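Convention: sequence-line order gives letters A, B, ...; per-chain numbering from 1. From a predicted model like this one, the values you see are computed outputs, not experimental measurements.
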Amino acid sequence: MVRLEPLWQGLFALMNAVTFGYIALGVLIGIIVGLIPGVSSVVAIAIILPFIWGGDPVNSSVILLSLVGACHCSNTFPAVFFNVPGSPSASATILDGYPMARKGEAARALSAAFVVSAMGGIFGAVFLAGTIPVMRPLVLKFASPEVFMLIMLGIVMIGTVSGANPVKGILAGTIGLFVSLIGMDPQLGIPRYALGQAYLLYGLSLVPLIMGLFALPQVIDLAVKGRIADVAPERKAKTDIPGLKQGIRDAFHHWPIVLRSSAIGVVGGAIPGLGGTAAAFYAYAYTLRAARDKKHFGSGDVRGVIAPESANNATQGGELIPTLAFGIPGSPVAAILLAAFLVLGIIPGPELLTTRLTLTFSLIWSLVIANLLASAICLALALRATWITWVRGNLLIPFILLFILVGSYLTHVTLADLVVTLVFGVVGYVMMEYRWPRVPLLIGFVLGGRAENSLYISINTHGPLFFVRPIALVMLLLLIATVVFGLRRRKESEGNET
Amino acid sequence: MRLDLELVFVVAIIAIYGVALFMAKGWPLQTALFPVLVSGVGLSLAITLLITRVARDKEGRDSELREVQRTNKKKVLSGFMWILVFFGTTSFLGFQWGLPGVILVYLKFDGKEKMALSTFLAAICWFIIYSLKAFLHLPLYSGHLAKWL
């Protein structure tokens, strides 16, 4: 029999001015952090951890969870306005969010994103609350062979669907995997492709790569076009209330996409190593595949914003499943949260699911409240913030470059990060100019290390035929089918052209 | 065959993957397995792409190239130049003084903005960097010049 008392006790524990103040503080910090590209919630938690050290476990942990929740919400602003994800989990949002801003539909994109962010966040929290006792067997089914095949399937799927030419997409994915190889081999510590540079021994970091690949080409684009929005500035659009309302309607109209993407987000978050970024891309790819009318995807389709935003907010709940239940962090954010929980005396494991269940539910409730609060604040900001798309590029470029430089430099506090940003800026520009999808490169880089480890463990544990395990085999067949269908689709579209 | 940036990009990928495979020859199997797998697949795809491209050029078909946005080369080059100036000035004069300085110059000369607005925005930039250093204690670089002095 399921006891419901801890569920309400967890909520009542938060219902006091002090704790609510902590949630509001966490949300505020999270919104600011999400707005600054390159400063992730991991960095923010690391910065504020010394200030909450030794504090009340409930109050201190709700600040952190609220921060993470709000960061997932506000990172949509730079993604939509500047084609720069505020944090990696908003990377998939730029695919359609930015084109919408260019079409003058920034308010619609933002309001849809914030409403579905709240929905996704709540879905993730509800799922977390409901599945903690039954999640363990499912998570344990995903051993290394399944994780490896899932990563490969993800890269191929995203590479196939995110551009006109699947060969370019998959090739971009291999470039991402290759770039992730730079540095010391994780098994034997042998330097690979480090070119004798000490900086490269530790591998490249995500922030300079993402800044170069997405943000610098955007600066060039802005310099060429003059402003973010392609359409002529209209006075009425500066307070685009119809757009805002349309976005809210879109969020409710596309509720099946929200539900499906949130489910993908929860599962993606629960599988260690995948996390919000990958889940958002999976949700995007799935929505694209499932859509009857695909032609607007990539050029400003609201469904392309709804899917990743629902997924990346739902991952917060999913990520906490292995973190709280087994002490296995599902992502870098969950890893630093786990460290913070340990510092605060919250020991993940059976205790949190039995004797300290009220605390667990308090954490889950704080996630729900933070998501609602952050979405409401961001929605209120969205109306006024859309004016930014019509600001002259000359005035925006210096500030985008300021954030690019600061964000890249702070990764390792070395100028070499700026060089990496510049190099990937050139690569990103060439890819953008010749319509190569950049997202598979990014996802390949993000998942490369995990893929190699999984491959190594799979071969050691299950031999070279590790992929014949049932789930892994299904994924392999799906991968082959994705490539075949992608190439067929390409051939058909070429046939139509000629 | 038309020589453009995309062709150079594909040839560079082929060269990099070729070198990567060659370098992996000297590594133990554990170290080399994944790089060989990735480079092998990447090399095959890049060669396929190059062959397709050559075939298309021979047939005179350029449907993909037609899709490419023809952008203003002068503006693109100027954009890259300014990015280099931003990066260079920051490393030479540091974040605190280099960035506001270059923003002022950029807004005044490239943006053709009024002096008052340019100075105001440069001051905002200075304040943002000052706040990041003073309140968040972020270790922002103070520049080669400060080091030499």
Side-chain angles (χ1 to χ4, degrees), chain A residues 47 164-165 167-168 170-171 173-175 177-178 180-181 185 187-188 190 192-193 216 219-225 392-395 397-399 401-402 404-406 409-410 413-415 418-419 421-422 425-427 429-436 444 448 451-452 455-456 459 494 497-498, chain B residues 4-6 8-9 13 16-17 20 23-24 27-28 30-31 33-35 37-39 41-42 45-46 48-49 52 61 63-64 67-69 71-72 75-76 78-80 82-84 86-87 90-91 95 99 102-103 106-107 110-113 117 121-122 125 128-129 132 136 138-141:
Chain A
I47 290 171
N165 186 343
V167 177
K168 281 184 182 178
I170 301 170
L171 182 56
T174 68
I175 297 171
L177 287 171
F178 180 76
S180 78
L181 294 170
D185 152 39
Q187 274 80 46
L188 302 175
I190 295 170
R192 291 187 302 205
Y193 312 123
L216 280 187
V219 169
I220 303 287
D221 192 47
L222 198 54
V224 172
K225 294 199 169 103
R392 288 196 300 281
N394 286 331
L395 303 178
I397 286 170
F399 289 92
L401 280 172
L402 166 74
I404 291 171
L405 283 159
V406 171
Y409 178 77
L410 287 176
V413 193
T414 162
L415 290 176
L418 299 186
V419 177
T421 307
L422 267 179
V426 175
V427 172
Y429 180 75
V430 174
M431 291 179 82
M432 183 182 82
E433 189 66 5
Y434 289 90
R435 301 263 171 113
W436 282 56
E452 182 173 14
L455 175 67
Y456 178 70
I459 291 174
E494 274 186 353
E497 274 171 27
T498 53
Chain B
D4 57 23
L5 265 180
E6 189 185 37
V8 174
F9 186 55
I13 293 171
I16 290 170
Y17 279 143
M23 285 170 85
W27 296 336
Q30 281 159 292
T31 308
L33 180 64
F34 198 56
L37 193 72
V38 171
S39 306
V41 173
L45 288 171
T48 309
L49 203 61
T52 321
R61 287 166 62 192
S63 60
E64 248 173 76
E67 288 173 10
V68 175
Q69 296 169 344
T71 49
N72 187 332
K75 279 190 176 173
V76 171
S78 154
F80 268 115
W82 274 108
I83 287 173
L84 281 176
F86 267 79
F87 278 66
T90 304
S91 61
F95 282 86
L99 259 179
V102 76
I103 283 177
Y106 171 80
L107 288 171
D110 193 79
K112 299 192 174 50
E113 301 292 344
L117 180 64
L121 291 175
C125 167
I128 291 173
I129 295 167
L132 291 175
L136 293 178
L138 297 181
L140 294 172
Y141 190 56

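For the atom pair CD1 of A:I175 and CE of A:M431, the computed distance is 5.5 Å after rounding to the nearest 0.5 Å.
Contacts of A:Y193 with chain B are made by both backbone and side-chain atoms, with heavy-atom separations under 4.5 Å. For a residue to count as touching a neighbouring chain, one of its non-hydrogen atoms must lie under 4.5 Å from one of that chain's; by this rule A:L405 touches chain B with backbone and side chain alike. Using a 4.5 Å cut-off between heavy atoms, B:T31 touches chain A through backbone and side chain atoms alike. The contact between A:L188 and chain B is made entirely by side chain atoms (from C-beta outward), counting heavy-atom distances below 4.5 Å. Both the backbone and the side chain of B:A20 have a heavy atom closer than 4.5 Å to some heavy atom of chain A. Both the backbone and the side chain of B:Q30 come within contact range of chain A, each with at least one heavy atom under 4.5 Å from a heavy atom of that chain. For A:L415, the part lying near chain B is the side chain, with the backbone staying farther off; criterion is any non-hydrogen pair under 4.5 Å. Looking at B:F9, only its side chain comes within 4.5 Å of chain A, counting heavy atoms on both sides. Interface remark: B:L140 contributes backbone and side-chain atoms alike to the contact with chain A (heavy atom separation under 4.5 Å). Only the side chain of A:T421 comes within less than 4.5 Å of a heavy atom in chain B; its backbone stays farther off. Heavy-atom distances place the side chain of B:L33, and not its backbone, under 4.5 Å from chain A. Both the backbone and the side chain of A:E452 have a heavy atom closer than 4.5 Å to some heavy atom of chain B. For B:Y17, the part sitting under 4.5 Å from any heavy atom of chain A is the side chain, from C-beta outward, and nothing else. For A:I459, the part sitting under 4.5 Å from any heavy atom of chain B is the side chain, from C-beta outward, and nothing else. The contact between A:I397 and chain B is made entirely by side chain atoms (from C-beta outward), counting heavy-atom distances below 4.5 Å. If you measure heavy-atom distances from A:L455 to chain B, the contacts under 4.5 Å come from the side chain alone.
Under the rule for a side chain to side chain donor-acceptor pair (under 3.5 Å), B:W27 has no partner lying at least two apart in sequence or in another chain. B:F95 meets the ring pair (Phe, Tyr, Trp, His ring centres under 6.0 Å) test with A:Y409; sequence neighbours excluded.
The most heavy-atom pairs under 4.5 Å with chain B, out of A:T414, A:V413, A:L395, come from A:L395. Here B:I83 is the residue among B:L99, B:I83, B:V41 with the most heavy-atom pairs under 4.5 Å with chain A. Interface check for chain A: of the options B:W82, B:F87, B:Y106, B:F80, the most heavy-atom pairs under 4.5 Å are formed by B:F87. Ranked by non-hydrogen atom pairs under 4.5 Å with chain A, the options B:T90, B:L117, B:L45 are led by B:L45.
Listed here is the closest heavy atom pair of B:A122 and B:I103: CA-CG2, 4.1 Å. When all heavy atoms of B:K75 and A:V224 are compared, the pair lying nearest together is NZ-O, 3.5 Å. Across all non-hydrogen atoms, the minimal contact from A:M432 to A:D221 is CE-CB, 4.2 Å. For the pair B:I13 and B:A46, the tightest heavy-atom approach, listed with the atom from each and the gap, is CG2-CB, 4.0 Å. Here the shortest heavy-atom pairing between A:A451 and B:F34 reads CB-CZ, 3.8 Å.
You'll find the side chain of B:L132 reaches within 4.5 Å of the side chain of A:V406, heavy atoms only. The side-chain heavy atoms of B:L84 and A:L422, taken from C-beta on, include a pair separated by under 4.5 Å. With contacts defined as side-chain heavy-atom distances shorter than 4.5 Å, the pair B:V102/A:L401 does not qualify.
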| query | Between A:F178 and B:I16, is a side chain to side chain contact (heavy atoms under 4.5 Å, CB included) present by the stated rule, with each step listed? | reply | CA-CA 10 Å; A:F178 180 76; B:I16 290 170; 3.7 Å; yes

